[in-house]
Amino acid sequence: SRKARDGGAKPPKKTKLIKRLAKARDGDILLLHDGHEPDRPASRRITAEAVVPLVNRLRDRGLQLVRLDELLDLPGYQ
C-alpha cells in the first residue's frame, strides 16, 4: 500500500503528495484522508486538489483504479 501521509495538521505539498503516490504499483492500495479527522482538524484542500492529477498519472502508466468496496465486493458506506 502507499500512504499519502496527508492526515496531519500540516499536509504535504500537492506536488510531493502526487510524487509519493504516483509510485504505486499493481495491487497497491492508496490511502488518502477525506478531511473528517475530529481529533486533528485541518484542511484537506491539497489532498482534494491532488486527486485528479494523481489519477491521470496512474492511468497514463496503465494502472486501473477501483474503489476498495468494488475490490472487496462489499457494499460501500457513507
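Please read all numbers here as calculations on a predicted model, not as lab measurements.
Partner of L58 under the side-chain contact (heavy atoms from CB on, under 4.5 Å) criterion, chosen from D28, I18, L30, L21: L30.
Counting non-hydrogen atoms of neighbouring residues, nucleotides and ligands closer than 6.0 angstrom, the CG atom of D26 reaches no more than 12 such neighbours.
Residues satisfying the side chain to side chain contact (heavy atoms under 4.5 Å, CB included) test with V66, not counting sequence neighbours, are Q64, E70, L71. Under the rule for a side chain to side chain contact (heavy atoms under 4.5 Å, CB included), the partners of V51 that lie at least two apart in sequence or sit in another chain are V55.
The closest donor-acceptor contact from the side chain of R61 to the backbone of A22 lies under 3.5 Å.
The nearest pair of heavy atoms linking K19 to K23 is O-CG, 3.6 Å. Closest approach of A24 to L63, counting heavy atoms only: O-CD1, 3.6 Å.
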